[in-house]
Amino acid sequence: FGPHAIFGYTIILLMLGLVIVAAAGRLGRTQIRFAGGLLLAGVVQAVLGSISENAPIVGLLHGVNALAIFSLAGMLAHRAWSGERAQAQG
């Protein structure tokens, strides 16, 4: 699972970058909180992945958390696109 772990850590670094850009861009509390929640879920994902090597049942939580990350990322993207369209129309 070497490439899998490397890809996961790369995604976590990108999530950290997202939080920094959201804060620097002053996108609002909600967007920054969503980005922070996404980063937190990514860190939990890495921890679950590490633990699951010795406790295979934790691998189930690793998969469930992956779905949560996917959902959070989708919600964040939807909010960003919806807000952009609303500003362009107004």
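What's counted below: heavy atoms across the whole structure, side chains too, no hydrogens, waters or symmetry copies.
Hydrophobic cluster membership differs between Ile51 and Tyr9, with clusters built from Ile, Leu, Val, Met, Phe, Trp and Tyr side chains linked at under 4.5 angstrom. Under the 4.5 Å side-chain heavy-atom criterion for Ile, Leu, Val, Met, Phe, Trp and Tyr, Val58 and Val47 are members of the same hydrophobic cluster. Ile69 and Val44 fall into different hydrophobic clusters, where Ile, Leu, Val, Met, Phe, Trp and Tyr residues are linked whenever their side-chain heavy atoms come under 4.5 Å apart, directly or through other members. Under the 4.5 Å side-chain heavy-atom criterion for grouping Ile, Leu, Val, Met, Phe, Trp and Tyr, Phe7 is connected to Leu72 within one hydrophobic cluster.
Listed by first and then second residue, the side-chain hydrogen bond (donor to acceptor under 3.5 Å, both in side chains) pairs that reach into residues 63-76 are Gln45-Asn65, sequence neighbours excluded.
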Can you list, pair by pair, the side-chain donor-acceptor contacts under 3.5 Å of residues 14-43, counting residues two or more places apart and other chains?
none

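Judged purely by atom type and a 3.5 angstrom limit, Ser52 uses its side chain to pair as donor or acceptor with the backbone of Gly49.
Atom CD1 of Ile57 sits in a sparse spot, with 12 or fewer heavy atoms from other residues, nucleotides or ligands closer than 6.0 Å.
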